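Take a look at the structure below.
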Amino acid sequence: MRKYILIALIAVVVGAGGGAAAMYYLGHAEHLPFLHAEAESDEHEGHDHGADEHAEHEDADAHGDEQGEHEEHGEHEGHEEHEEGLVRLSPEKRAALRLETQPVRRGDLTTTIELPSEVQWNTDRLVHITPRTPGIVLAVEKTLGDVVKQGELLCVLDSREMGNAKMEYLADMRRFGVARADFERAKTVYENTKKLLIILDAEPTPEEALEQAHDLAVGENKNRLLTTYTRMRVNQQNFQRLDKLLEDKIASEADWLEAKGDYEVSRADYSSTREEIVFNLELDFLRAQKDFEVAHTELRNSERALHILGMTSQETVQLKEQADEIDENISRTPLYSPIAGVITDRHLTQGEMVGTDSPLYTIADMSNVWVIGRVYEREMRFMKIGQKATVRLDAFPGELFEGVVDYIGSQLDPDTRTVQARVVLPNPERRFRPGMFGVVTVFMDRTSDATATAPGSLLVPISALQRVEDGHVVYRVIEEGVFEAVPVQVTARSQEFAEVTGGLAPDDQVVVGETFILKSEMGREAMGGGHSH
C-alpha cells in the first residue's frame, strides 16, 4: 500500500512537470508522517490478517530500512529524543544553550529574609517645640537647617500670661519671707520659754533665775514669768519668816495672816501666768508654723506655675535675684532646645502671634535613624528581636550597613498584610535621611522552626530549581547530554541555595542556567508533541 501511494505521488508530480520535486520526495519520503503512519498500518494489518509471509517480510524489511534511515538522519541533524523523565540533547544543541552543572552538597543553610524598607527619624529623639503660653514673637534666633546644642536659645516671645505668673511668684516670695521670719521668731520664743520654765521649775532664788535667763530671748513672756515668780518667792520667804516668829510668839497672828494671804495670792498669780503663757506659747507657735507652711506652699505653687509655662530652674533663680529691680522685660519668654540636633522644620516669623497649639520648630537628633522593614505574614514566624541584619540603601549602592532587629510590630497592617520590623543604624556623619528606600536583609534563626532540618541538609543552587505543577524539580545529569527530572521538596532557601529533600544524593550533578529549556522540552513531550525535528 505504501509503495502504491509513493508511486502515485511520483506520477502526479512528474505529470505536472515537477521532475526535480519528485526526486526530492523520493529521496526524503521517510520524512512524510503520513507515510510512516501508513507503513505502520500496513504492518499491523499484515499481522492481523495473516497476509503472505513473503510480502510481510518484504514490508518489514522496507520498514526496517526506513527506520534505520530515520535514526541515521536524526543523528546527522542533531535532534533530541525523549524517554520517560529524561531529556536528551545533542552536542550541537547543548553548545547553543547556557547550561552548567553543580554538585549537590551537604551543608547548613544560612536563611535570610529580604524586607523592603524605608529610613525614618528616630521618633524617640524627635522634638516638636510648642510654646506653653500664647504670645508675640519678639526674636527668631535659629532657622531651618541650623545645628543646635541642648539648652541653646531658639526664639523669644512676649507673653502677658508669663508676666503675670512672674509677678505672682515675686509677691508670694515676699509673703513667704514674712511668714518665715514670724515662724523663726515664734520658734525661738517657744524654745526659750520652755527652757525658762525648766529653770523656774527648779525653784531658784530670784537672783539665780534672773542670771540663768539672762541670755534667753523670750520677749514679754520672760518679764511676766520672772516678775510673778519673784513676787511669789518674796512673799513665800516673808510668810515663812512670820510663821517662825509666830511660833516664837514674836509676831502677831494678824501679820501672819496678812503674809500668808500675800503669798497665796502671788503663788496663784504666778501659776495662772505660767499656764496662760504655756497655752498661748503653743498656740502662737502652731499659728506661725501654719502660716509659714502655707506661704511656702504658695511660693512653690507659683514656682511650679512658672515651670509649667516653660521657665527653667536657673531662670527662676535669676528671677529671685532680680526681685528688687524694675524689670521692663518681665513678660519676655525665651524658648530653648531640649536636645542637641538639627532643625528640620520652622513655623514662625517675627511679630507673629502664636498660641499653645502652634508648633514653632521640629528638632531631630540625627545621631541614629530607624530603618523600618515590612515583614509578610508567611515570614513572621522566623523573626526575632536581636537577629543580625544588613541594610542596603538605594542612595548608597554597593554599601552594606550592619544592625540588629530591635523591634517587631505586634499589629498586622490590614492593607499590606505586613508588620513592621525596626533596625537602628548609627548616623554620626548624617548620611542617612528619612525617606530613603532600601532593603533590610535579616539573618533568620530557624532552630525553633518546625520545618528546620538537621545539620548537613542537602543544598542545591537556586538556579537549578524549576517550578512544576506539584512543586519543584531539578535536572540531574545521567550522562553526557542526558538529564533526569528529579522532584524535590524545598524546605528553606537563601539568596543562593535551597534546602531540599527528595531523590537526590550528595555529589549528584544538577543543571543550572537555562533549565527552563529542559522543562519546556519535557512539557512538549507530555502534551503529545512527539519527536522534535
Side-chain angles (χ1 to χ4, degrees), residues 168-303 320-321 323-324:
E168 183 66 26
Y169 172 75
L170 293 176
D172 287 337
M173 189 173 64
R174 293 287 188 187
R175 285 190 288 268
F176 172 74
V178 174
R180 181 173 57 185
D182 289 344
F183 172 69
E184 289 175 352
R185 175 182 174 280
K187 183 178 180 181
T188 299
V189 170
Y190 177 82
E191 292 174 349
N192 289 340
T193 301
K194 289 287 186 180
K195 292 178 181 179
L196 179 58
L197 292 175
I198 293 173
I199 292 173
L200 298 179
D201 287 341
E203 296 184 355
T205 63
E207 293 78 8
E208 293 173 343
L210 183 61
E211 182 179 358
Q212 294 179 24
H214 180 269
D215 295 329
L216 294 178
V218 176
E220 183 182 357
N221 291 339
K222 182 178 180 180
N223 180 52
R224 292 180 62 192
L225 282 173
L226 289 177
T227 299
T228 56
Y229 177 78
T230 299
R231 185 180 299 114
M232 181 193 70
R233 291 289 294 166
V234 169
N235 289 334
Q236 181 184 22
Q237 292 174 0
N238 186 43
F239 171 69
Q240 291 174 348
R241 184 179 62 82
L242 289 175
D243 187 56
K244 184 177 182 182
L245 292 174
L246 181 63
E247 291 179 358
D248 296 337
K249 305 294 184 179
I250 298 175
S252 65
E253 185 175 357
D255 293 337
W256 179 81
L257 289 176
E258 183 179 359
K260 181 179 180 182
D262 292 341
Y263 169 63
E264 294 294 339
V265 170
S266 62
R267 189 174 69 169
D269 187 32
Y270 169 72
S271 179
S272 62
T273 300
R274 178 185 177 118
E275 183 177 344
E276 180 185 357
I277 289 175
V278 169
F279 178 78
N280 291 332
L281 181 69
E282 294 286 345
L283 185 62
D284 292 343
F285 176 73
L286 291 176
R287 184 182 293 113
Q289 185 179 37
K290 178 184 176 182
D291 291 343
F292 169 75
E293 292 176 349
V294 169
H296 183 257
T297 300
E298 290 177 349
L299 178 63
R300 291 296 304 274
N301 289 338
S302 297
E303 185 176 353
K320 290 179 181 178
E321 295 173 352
D324 295 332

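Here the structure is a predicted model, which is why all the values come from computation and not from measurement. If you read the sequence from its start, that first residue is 1, and numbering goes on from there.
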Going through the checks in order, is the salt bridge (Lys or Arg N to Asp or Glu O under 4.0 Å) test met by Glu298 and Arg174? CA-CA 11 Å; Glu298 290 177 349; Arg174 293 287 188 187; over 6 Å; no

Determine whether Glu253 and Leu257 satisfy the following criterion, side chain to side chain contact (heavy atoms under 4.5 Å, CB included), listing intermediate values before the conclusion. CA-CA 6 Å; Glu253 185 175 357; Leu257 289 176; 4.3 Å; yes

Go through the steps to decide whether Glu264 and Arg267 satisfy the test salt bridge (Lys or Arg N to Asp or Glu O under 4.0 Å), and finish with yes or no. CA-CA 5 Å; Glu264 294 294 339; Arg267 189 174 69 169; 2.9 Å; yes

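At least one side-chain heavy atom of Leu196 sits less than 4.5 Å from a side-chain heavy atom of Leu226. Here the side chains of Lys320 and Tyr169 are in contact, with some heavy-atom distance below 4.5 Å. Residues Arg274 and Ile277 fail the side-chain proximity criterion, which asks for heavy atoms closer than 4.5 Å. Within the 4.5 Å cutoff, side-chain heavy atoms of Leu286 are placed close to those of Gln289. Proximity of Gln240 to Asp243: side-chain heavy atoms (C-beta onward) are nowhere separated by under 4.5 Å. Using a 4.5 Å heavy-atom threshold, the side chains of Tyr190 and Glu282 count as touching. Within the 4.5 Å cutoff, the side chain of Lys244 has no heavy atoms near those of the Trp256 side chain.
Taking CG from Asn280 and CD from Glu275, the interatomic distance works out to 10.5 Å, rounded to the nearest 0.5 Å. Distance check: Asp255 CG to Phe239 CZ gives 12.5 Å after rounding to the nearest 0.5 Å. With rounding to the nearest 0.5 Å, the separation of CG in Asn192 from CG in Asn221 is 10.5 Å. Summarising the geometry, atom NE2 belonging to His296 is positioned 10.0 Å from atom CG belonging to Asn301; distances are rounded to the nearest 0.5 Å. Taking OG of Ser302 as the reference point, atom CZ of Phe176 lies at 12.0 Å (rounded to 0.5 Å). Rounded to the nearest 0.5 Å, atoms CD (Glu191) and CG (Leu216) are 11.0 Å apart.
Taking a 6.0 Å sphere around CD of Glu211, one finds it holds 12 or fewer heavy atoms contributed by other residues, nucleotides or ligands. The 12-atom threshold is not exceeded at CZ of Arg185, counting heavy atoms of other residues, nucleotides or ligands nearer than 6.0 Å.
Electrostatic pairing of Glu293 and Arg300 does not count as a salt bridge here, judged by no charged N lying under 4.0 Å from a carboxylate O.
The side chain to side chain contact (heavy atoms under 4.5 Å, CB included) test with Tyr270 singles out one residue from Leu200, Thr227, Val265, Asn235, and that residue is Leu200.
Of all non-hydrogen atoms in Asp269 and Arg231, the two that sit nearest each other are OD2-NH1, 3.4 Å. Here the closest heavy-atom approach between residue Asp284 and residue Arg287 is recorded as OD1-NH1, 3.2 Å. Heavy atoms only, all atoms of each residue included: Arg233 and Pro204 are closest at NE-O, 3.6 Å. Between Val189 and Thr193, the shortest heavy-atom contact is O-OG1, 2.6 Å.
Aromatic ring pairs are classed by plane angle as parallel below 30°, tilted from 30° to 60° and perpendicular above 60°; the pair Phe183 and Phe292 is parallel.
A side-chain donor-acceptor contact under 3.5 Å links Lys222 to the backbone of His214.
For the residue pair Arg241 / Asn238, a side-chain donor-acceptor distance below 3.5 Å is found, with atom types taken as modelled.
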